[in-house]
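These notes concern the structure reproduced below.
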Amino acid sequence: MKKNETGKPDKSERETRMRAAIKKAAFLLMAEKGLDKVSMREIAEKVHVTKPVLYYYFKNKEDLCESIIADHEKTFCKKLQLVQNTAKGPEYILYEGLRSHLDFFMKNPIHSKFAIQMISYTLDMKPAKIPQNSENRYIHGLLEEVLKQEEKKGKIPAGSISDIVRLVSGLATEIMICAYLEQHVLPEHMQGRLYNDETIARLAKIILLGIKEYYKEQK
């Protein structure tokens, strides 16, 4: 921790900690109540600061949401980069990426609740009010870059990367929705029916086999 001559954390360190505290409080409130039902005043009270202090760090609620989403997306990006550095083939890449996605939602049930609240919020809001998620585009781009290396090695068909990314994205969304249903809606009916490592390994293999077979037919 950086400290000044008095032994106290310097301004940049204090501001970093305050931003983190604001985002944590907002995340928990929004996950429980919904993004549209949480006010900046309520977030400020949760962190024990005034509204002007809140607006010093974030210009509005959408800006705050974007920052929260970016933090979560960066977590996935780091895991994808690790997969990239230890890539053992396309099947391994898809499996590890989807397994990380599953772990993210299963280890902390609040994540799936926030994701569903975010979807509900974006469906109800005007386009100008929807928090922009540039990090999601970065994740897709990173996955594409990892798969390009496999394409160069001839391990996946040429021109198939965008199709693989779409299939993986759809599966990742279903994993999130199933996690929400099991954890918050129908736990007594869905317990144990969620994806597991074996299911993800099987689906990763099916995606690649299907892609290879389809592109073989197109030749």
Taking the side chain as every heavy atom from C-beta outward, state whether [X] and [Y] have any atom pair closer than 4.5 Å.
X      : Y      : result
Leu98  : Leu203 : no
Leu171 : Ile200 : no
Leu54  : Arg41  : no
Lys61  : Met30  : yes
Met176 : Phe104 : no
Ile68  : Phe114 : yes
Val53  : Val47  : no
Met18  : Val49  : yes

Run the side-chain contact (heavy atoms from CB on, under 4.5 Å) test against [X] and tell me which residues pass, sequence neighbours left out.
X      : answer
Ser67  : Arg19, Lys23, Phe58
Ser160 : Ile156, Pro157, Ile164, Ile211, Tyr215
Glu32  : Ile110, Lys113
Glu213 : Lys216, Glu217

*Considering residues at least two apart in sequence or located in another chain, which fulfil the salt bridge (Lys or Arg N to Asp or Glu O under 4.0 Å) criterion with Asp197?*
none
*asked:* Could you work out, with salt bridge (Lys or Arg N to Asp or Glu O under 4.0 Å) as the rule, every residue matching Lys155, not counting sequence neighbours?
replied: none
Out of curiosity, [X] [atom1] to [Y] [atom2], how far, rounded to the nearest 0.5 Å?
X      : Y      : atom1 : atom2 : answer
Ser162 : Leu167 : OG    : CG    : 9.5 Å
Leu208 : Tyr95  : CG    : OH    : 14.5 Å
Ile207 : Arg202 : CD1   : CZ    : 11.5 Å
His101 : Met106 : NE2   : CE    : 12.5 Å
Asp36  : Gln117 : CG    : CD    : 8.0 Å
Ile22  : Tyr57  : CD1   : OH    : 6.5 Å

Not counting sequence neighbours, which residues clear side-chain hydrogen bond (donor to acceptor under 3.5 Å, both in side chains) with [X]? List them please.
X      : value
Lys33  : Glu42
Glu96  : Arg99
Glu91  : none
Thr173 : none

*Which residue pairs pass the side chain to side chain donor-acceptor pair (under 3.5 Å) test with at least one member in residues 43-55, sequence neighbours excluded?*
none
_Ring-face cation contact, Phe27 with Lys24, 6.0 Å cut, 45° max_ = no
*Would Asn196 and Thr199 satisfy side-chain hydrogen bond (donor to acceptor under 3.5 Å, both in side chains), going step by step from the backbone distance to the final call?*
CA-CA 5 Å; Asn196 53 38; Thr199 304; 2.8 Å; yes
*Do Leu147 and Leu209 sit in the same hydrophobic cluster, where Ile, Leu, Val, Met, Phe, Trp and Tyr count as joined when their side-chain heavy atoms come under 4.5 Å apart?*
no
*Gln183 side chain to Phe105 backbone, donor-acceptor under 3.5 Å*: yes
_With a 3.5 Å distance limit and no angle check, can you tell me whether Thr16 reaches the backbone of Ser12 through a side-chain donor-acceptor pair?_
yes
*ring-ring contact (aromatic ring centres under 6.0 Å, His included) with Tyr180: which residues, sequence neighbours excluded?*
His184
_For a side-chain hydrogen bond (donor to acceptor under 3.5 Å, both in side chains) check, start with the C-alpha distance between Glu150 and Tyr92, then their side-chain angles and the critical distance, and finish with the verdict._
CA-CA 11 Å; Glu150 301 303 307; Tyr92 170 83; over 6 Å; no
*Does the pair Glu151/Lys148 count as a salt bridge with the N-to-O cut at 4.0 Å?*
no
